[in-house]
Novice: 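The structure that follows is given in the form of structure tokens.
Numbers here simply count residues along the sequence, with the first being 1. The structure presented is a predicted model; accordingly, all values stated were derived computationally and were not measured.
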Amino acid sequence: MFKLVLLAGVMLTSGVQAQSVRNCGTMHHLHEMEKSEPATILRMQNVERETEQWIKSNSANKVAVVVTIPVVFHIVYNTASQNISDAQINSQLNILNADFRKLNSDINLLPSVFSGLAADSEIQFCMAQRDPSGNATNGIVRKSTTVTSFSDNDNIKRNANGGSDAWPAGSYLNIWVGNLGGGLLGYAQFPGGSASTDGVVILHSACGNTGTAAAPFNKGRTATHEVGHWLNLRHIWGDATCGNDQVTDTPTQQSANFGCPSFPKVTCSNGPNGDLHMNYMDYTDDACMYMFTNGQKTRMLASLNTTRASLLSSLGCVPPSTGTCGVPSGLTVTDILSNQVTLNWTAVPGAISYNIRYKAISSSTWISRTSLVPSKIITSLTASTAYEFQVKANCSSSSSAFSASSAFQQLPHVLICMKAIIQEPMQNQFL
């Protein structure tokens, strides 16, 4: 049985919380489950045996099959600011997809000595298109509550306690977003727990990268970390001094890392390269974690082929059949930089995916992209250039026409340079 260590967080008031260090409640949540329901210990041991057997039997399987997991977001809010926008929710889903497919732009920050460890997990996520009753949905449940803040006792997951009941765990990843007390950023339930409480909980100001998202946890990595737990990953230090995270290719490290450590940080005789503190399962700031390893990928896939295998046949990503597929509307742009922008539009009921095309207004050639969610990050744009984009929706039996164009202007490169210079002293405080 794993040694459980509760890392104390910084006690903070409710509302938008300015956490200074990451505080994940997953191991405390597991410890409480084991105390209240001792059978949890046996279930966890069975999960570990199944995991080890699957990894042993599939170690040579190199066939790439991307798994798509339907997600439902439960937004449990006490104030208007906690009722986060669709755009903030969509930004979180985009981040999950980028992080789990190794498409995150900051992967290039990984020290070269670790480059061979970084993995595309071949796991991606979609907003649920079909609810448990078979009706069309946008994958978002909004619940007003009189509860001012929640803890890791699972009340946020129950209507009777001011929260929102889970959708069936065998078909959906439930993500609850709300106000958490005690400096808690989030927590997850490992495979093998109760279906009625299965899923991930995150603080609303640690969700996505826009809206209420607050630094240093404003890049959506709290959800990445917690979904890693939900897929049976342990903290990288094994929740013990020089502990074991059950993954062979992660260096043994002494304890959790916080902030933004300098490379290399040598502990537990793991020199010369030291801790893998840029791993999603450490406790560093969002800007300083950006990879899963191949061993972690294998462990997550083992979960999806054993305890969580029912997700592989879920219809949650498949909308119910409709006669028409609406044309996307509400086209906007956010996060404009000199060479990058996020394109957004209103979700179309029943849409499975979207086709996006964009071009410089002065050009006659469109560039095409696709997305599973109603937003898309576009890179490699030219500074100080005017662009336009259009979107069409793809449903199960038809596709819409392209929308009317929406124009946007890229920033001059000089403004980005000035921004980097201004931010540099702030970044150096973590070195």
Novice: Does anything in residues 100-124 pair up under ring-ring contact (aromatic ring centres under 6.0 Å, His included), and if so which pairs, sequence neighbours excluded?
Specialist: Phe100-Phe125, Phe100-Phe292, Phe114-Phe263
Novice: Could you check Asp286 against Arg22 for side chain to side chain contact (heavy atoms under 4.5 Å, CB included), going step by step and ending with a plain yes or no?
Specialist: CA-CA 9 Å; Asp286 277 19; Arg22 186 175 300 279; 2.5 Å; yes
Novice: Quick one: salt bridge (Lys or Arg N to Asp or Glu O under 4.0 Å) partners of Glu52, sequence neighbours excluded?
Specialist: none
Novice: Walk me through it: do His28 and Asp152 pass the test side chain to side chain donor-acceptor pair (under 3.5 Å)?
Specialist: CA-CA 8 Å; His28 181 246; Asp152 61 3; 2.7 Å; yes
Novice: What heavy-atom pair brings Thr68 and Pro70 nearest, and what distance separates the two atoms?
Specialist: O-CD, 3.8 Å
Novice: Minimum heavy-atom separation for Ala118 to Ile107, with atom names?
Specialist: CB-CD1, 4.1 Å
Novice: Flag the pair Glu122 and Arg101 as a salt bridge only when some basic side-chain nitrogen lies within less than 4.0 angstrom of an acidic carboxylate oxygen.
Specialist: no
Novice: Salt-bridged, Asp198 to Arg308, with N to O below 4.0 Å?
Specialist: yes
Novice: Nearest heavy-atom pair of Tyr358 and Thr379: which atoms, and what distance?
Specialist: OH-O, 4.3 Å
Novice: My understanding is that only residues two or more places apart in sequence, or in another chain, count here; which of them pass ring pair (Phe, Tyr, Trp, His ring centres under 6.0 Å) with His229?
Specialist: Phe190, His225, His235
Novice: Does Ser363 use its side chain to pair, donor to acceptor, with the backbone of Ala360 at less than 3.5 Å?
Specialist: no
Novice: Do you see a donor-acceptor pair shorter than 3.5 Å between the side chains of Asn179 and Ser149?
Specialist: no
Novice: Does Asn209 offer a backbone N or O that forms a donor-acceptor pair with the side chain of Ser91 under 3.5 Å?
Specialist: yes
Novice: Would Arg43 and Glu34 pass as an ion pair if we require N to O under 4.0 Å?
Specialist: no
Novice: Begin with the C-alpha distance, continue with both residues' side-chain angles, and end with the deciding distance and a verdict on side chain to side chain contact (heavy atoms under 4.5 Å, CB included) for Asp275 and Asn270.
Specialist: CA-CA 7 Å; Asp275 294 358; Asn270 62 10; 2.7 Å; yes
Novice: What residues, two or more places apart in sequence or in another chain, satisfy ring pair (Phe, Tyr, Trp, His ring centres under 6.0 Å) together with Tyr354?
Specialist: Trp345
Novice: Determine, step by step, whether His204 and Thr212 satisfy the side chain to side chain donor-acceptor pair (under 3.5 Å) criterion, reporting the C-alpha distance in whole Å, the side-chain angles of both residues, the deciding distance to 0.1 Å, and the verdict.
Specialist: CA-CA 7 Å; His204 73 91; Thr212 66; 3.1 Å; yes
Novice: For residues Thr250 and Asp245, report the shortest heavy-atom separation together with the two atoms involved.
Specialist: OG1-OD2, 2.7 Å
Novice: Can Lys219 and Met289 be said to form a side chain to side chain contact (heavy atoms under 4.5 Å, CB included), step by step?
Specialist: CA-CA 10 Å; Lys219 293 184 178 293; Met289 54 167 58; over 6 Å; no
Novice: For His74 and Ile175: C-alpha separation, side-chain torsions, deciding distance, then whether side chain to side chain contact (heavy atoms under 4.5 Å, CB included) applies.
Specialist: CA-CA 6 Å; His74 302 261; Ile175 298 181; over 6 Å; no
Novice: Sorted by first residue and then second, give each disulfide bond (SG atoms under 2.5 Å apart) pair with at least one member in residues 199-243; sequence neighbours left out.
Specialist: Cys242-Cys268
Novice: In Å and rounded to the nearest 0.5 Å, what is the CG to CG distance from Asn174 to Asp165?
Specialist: 10.0 Å
Novice: Has Ser36 got a side-chain atom pairing as donor or acceptor with Glu32's backbone, closer than 3.5 angstrom?
Specialist: yes
Novice: Using the side chain to side chain contact (heavy atoms under 4.5 Å, CB included) criterion, which residues pair with Ser310? Sequence neighbours excluded.
Specialist: none
Novice: Under 4.5 Å between any side-chain heavy atoms of Val72 and Ile140, yes or no?
Specialist: no
Novice: Among residues at least two apart in sequence or on other chains, which ones pass ring pair (Phe, Tyr, Trp, His ring centres under 6.0 Å) with Trp230?
Specialist: none
Novice: Is there a side-chain contact between Lys359 and Glu388, using heavy atoms and a 4.5 Å cut-off?
Specialist: yes
Novice: Rounded to the nearest 0.5 Å, what's the gap from CD on Gln296 to CG on Asp249? Could you check?
Specialist: 7.0 Å
Novice: Would you find a donor on one side and an acceptor on the other, under 3.5 Å apart, between the side chain of Gln129 and the backbone of Pro319?
Specialist: no
Novice: Does the Asp285 side chain pair with the main chain of Ala287, one donor and one acceptor, at a distance under 3.5 Å?
Specialist: no
Novice: So, the side chain of Ser57 versus the backbone of Trp54: is there a donor-acceptor pair under 3.5 Å, distance only?
Specialist: no
Novice: Has Ser375 got a side-chain atom pairing as donor or acceptor with Asn344's backbone, closer than 3.5 angstrom?
Specialist: no
Novice: Can you list the residues that meet the side chain to side chain contact (heavy atoms under 4.5 Å, CB included) rule with Ser403, with sequence neighbours excluded?
Specialist: Val327, Leu331, Gln390, Val391
Novice: List the residues meeting salt bridge (Lys or Arg N to Asp or Glu O under 4.0 Å) with Asp86, not counting sequence neighbours, and say none if there are none.
Specialist: Arg142
Novice: Are Val147 and Asn78 close enough that some pair of their side-chain heavy atoms sits under 4.5 Å apart?
Specialist: no
Novice: Could you tell me which residues satisfy side chain to side chain contact (heavy atoms under 4.5 Å, CB included) with Asn355, sequence neighbours excluded, listed by chain and number?
Specialist: Thr370, Lys392, Asn394, Phe402
Novice: Do you know which two heavy atoms are closest between Asp282 and Gln253, and how far apart they sit?
Specialist: OD2-NE2, 3.1 Å
Novice: With side chain to side chain contact (heavy atoms under 4.5 Å, CB included) as the test, pick out the partner of Thr293 among Asn279, Thr298, Leu233, Thr248.
Specialist: Asn279
Novice: Looking only at side-chain N and O atoms, does Thr26 offer a donor or acceptor that is under 3.5 Å from a partner on Glu226?
Specialist: yes
Novice: Distance from Thr145 atom OG1 to Ile75 atom CD1, nearest 0.5 Å?
Specialist: 13.5 Å
Novice: Is there a donor-acceptor contact under 3.5 Å from the side chain of Lys143 to the main chain of Gly163?
Specialist: yes
Novice: I need the Thr51 OG1 to Met44 CE distance, nearest 0.5 Å.
Specialist: 9.0 Å
Novice: Among residues at least two apart in sequence or on other chains, which ones pass side chain to side chain contact (heavy atoms under 4.5 Å, CB included) with Leu372?
Specialist: Gln124, Ser353
Novice: Looking only at heavy atoms, what is the nearest atom pair of Asn257 and His277, with distance?
Specialist: ND2-CB, 3.5 Å
Novice: Kindly compute the distance separating CD1 (Ile367) from OG1 (Thr365), expressed to the nearest 0.5 Å.
Specialist: 8.0 Å
Novice: Around atom NZ of Lys157, are there more than 12 heavy atoms from other residues, nucleotides or ligands closer than 6.0 Å?
Specialist: yes
Novice: Return the OG1 to CG distance between Thr210 and Asn94, rounded to the nearest 0.5 Å.
Specialist: 11.5 Å
Novice: For the residue pair His29 / Asp154, report whether a side-chain donor-acceptor contact shorter than 3.5 Å exists.
Specialist: yes
Novice: For the rings on Trp237 and Tyr283, is their centre-to-centre separation under 6.0 Å?
Specialist: yes
Novice: Please enumerate all residues that pass ring pair (Phe, Tyr, Trp, His ring centres under 6.0 Å) together with Phe408, with sequence neighbours excluded.
Specialist: Tyr387
